[in-house]
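No hydrogens, no waters, no symmetry mates; every other heavy atom, side chains included, goes into these values. Model, not experiment: these values are computed from the prediction.
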Amino acid sequence: MKITIPNGPQERGKKPSVSSLTRYSACPGSWRLEKDLPEPPESEDAKSGTEIHAWLASQDCELTESQKEVADSCERQRKEIELSIVEERTVGTMAIRDSLRLWFGESWSGLCDYLDFLNDEAAFICDYKTGRVGAADAETNLQLRGQAVIVKKNFPHLKRIYSAIIQPLAGKPTMVCYTEEDLELATLEIEGIMLLLDSPEAELNPTPDGCKYCKAKSICPALREQSLELAQVSKKAIVSELSNRDISYYLKASKPVESFISELEKEAKKRLSEGQEIKGCELTPGRVTRAVTDAQAVFGRIGDKITTEAFVECCKLSLPSLEKAYATATGLRQKEAKDELQQTLSGLITETQGSPILKLK
C-alpha cells in the first residue's frame, strides 16, 4: 500500500478547525468574534491533556503516574477497537501515530490523533479525550464527522472510514463507520456549517455548547444581553409561578452566564493576587482544611488512649485509592484490580445513589 501524506501546514492559524464544530453549529457567530483574540493561558487539565497526547504521538516526554495510566488506557482501548475490525486489515497497512493536521482545501482543517490505513479502501481514525467530561458518542460527534470528511477529502480512494472516540475517564469508547454515501452527506453538512462562519449574518447564540470553549465570552454582546435579561428576571420573578417553558428557557440561558461568571472570578483572583486593585473586590484567606498525613503514626501516639475499633471508625477509606494500591501490589491493570477487589470485598462495599442530576438537552 502506497499512501502519500499531504504536506499542509500543521498549525491551524486563524482558520476554523473541526475541533470546534459543535460550537460553530450552536453559535456560528462565535468564529468571527473570537478569531483574532489571543489564546488564553492553558489550564492545568488542558496542559496535562497536551502532554498525554504528545506521549501517545510517540513524542519524547515524561508523564506522571496518573497521566501514564490514562495514556495506557487510551492505547489499550484503541487496540481493542481495532481488533473488532480486524477483517479490514491487510498486509502492508500503515498507521500514523503523530497528530496529523489535514486540510479541506485552504479553508479549514482537522487534527487526527491517530490515523490507520487498514487497506486500499478503509481507514481508521480515533480521537483521544483525556478529561472527565464526556463527549458525544461517535455516531453524533461533529468533530469526528469533520475528521472523517477531511480524511476522505485528502484520500479520495477511501470507501469506508471507521471513526472512534476514546475517553477513559469519561465513559466507554464508541465507534461509527462512514460509508461513501455517509461521507457525501457529512461533507455537505460540515461545509454548510463552515460556510456560514464568515457571514456577517452569522448568529450569536449563547448556549452551553456555544460558550463552553469560546474565547470571546467577555466581549460577546449576545451573552451580555442574556446576562442582563437574567438579572432583571431574578429581581421580579417568583420561580414557583414560572411556567415549565420559562423554567426550561431560563435554565438553559443561565448555563453560559454561569460559565462566564466563573471565568470572571478566576481572572479577578489572578489580578488581585498580582497586586492589582479591582473596585469592590478583595482576596480573603481560603478556608483551612485539616488532614492527617500518616494514620499509622497517629495511632502510635494515641493508641494507648483509644481502641483499634474506635480508631478505625474514624478513618475514611477511599475505594479509588485502595484500588490503585491493589493494582500496584498485584500488577493488575486498574480495571482488573477494581473488579477483583470488588469480588474479594463482597459484602463490605455499599453503594449509595446520589440525588438525580438535572441534564439540559
Can you check whether [X] reaches [Y] side chain to side chain, under 4.5 Å on heavy atoms?
| X | Y | value |
| --- | --- | --- |
| V70 | Y128 | no |
| S48 | T130 | no |
| P173 | E80 | no |
| T308 | F299 | yes |
| Y326 | E340 | yes |
| P256 | P208 | yes |
| L272 | E282 | no |
| W108 | L197 | no |

Are [X] and [Y] close enough for a salt bridge, meaning some N to O gap below 4.0 Å?
| X | Y | result |
| --- | --- | --- |
| E34 | R23 | yes |
| K324 | E69 | no |
| E265 | K269 | no |
| R78 | E75 | yes |
| E180 | K152 | yes |
| K79 | E82 | no |
| R89 | D116 | yes |

When rounded to the nearest 0.5 Å, the distance separating CG of L223 from OG of S218 is 9.5 Å
When rounded to the nearest 0.5 Å, the distance separating CD of Q10 from CG of L111 is 7.5 Å
For [X], look at atom [atom1] and say whether over 12 heavy atoms of other residues, nucleotides or ligands are found less than 6.0 Å away.
| X | atom1 | value |
| --- | --- | --- |
| N244 | CG | no |
| E258 | CD | yes |
| E277 | CD | no |
| Q343 | CD | no |
| K35 | NZ | yes |
| R132 | CZ | no |
| K215 | NZ | yes |
| E139 | CD | no |

If every non-hydrogen atom of [X] is compared with every non-hydrogen atom of [Y], which pair is closest and at what distance?
| X | Y | value |
| --- | --- | --- |
| L158 | A123 | CD1-CB, 3.8 Å |
| L204 | C27 | CA-SG, 3.7 Å |
| V292 | A295 | CG1-N, 3.8 Å |
| L251 | S254 | O-OG, 2.7 Å |
| C74 | L56 | CB-CD1, 3.9 Å |

Hey, can you tell me if F155 and H157 have their rings parallel, tilted or perpendicular (30° and 60° cut-offs)? perpendicular
Start with the C-alpha gap between K270 and E274, add the side-chain angles, then the distance that decides, and say whether salt bridge (charged side-chain N to carboxylate O under 4.0 Å, His left out) holds. CA-CA 6 Å; K270 175 178 175 292; E274 293 171 347; 3.1 Å; yes
Check whether N119 reaches the backbone of A122 with its side chain - one donor and one acceptor, N or O, closer than 3.5 Å. yes
N/O donor-acceptor pair under 3.5 Å between S17 side chain and S20 backbone: no
Residues S109, R12; criterion side-chain hydrogen bond (donor to acceptor under 3.5 Å, both in side chains); working and verdict: CA-CA 7 Å; S109 67; R12 62 181 286 187; 5.8 Å; no
Run the side chain to side chain contact (heavy atoms under 4.5 Å, CB included) test on R145 and L142 for me, step by step, so that the C-alpha distance in whole Å, both residues' side-chain angles and the decisive distance to 0.1 Å come before the verdict. CA-CA 5 Å; R145 198 172 308 161; L142 273 177; 3.8 Å; yes
Going by the side chain to side chain contact (heavy atoms under 4.5 Å, CB included) test, name the single residue among V18, I190, T187, N154 that passes it with F104. T187
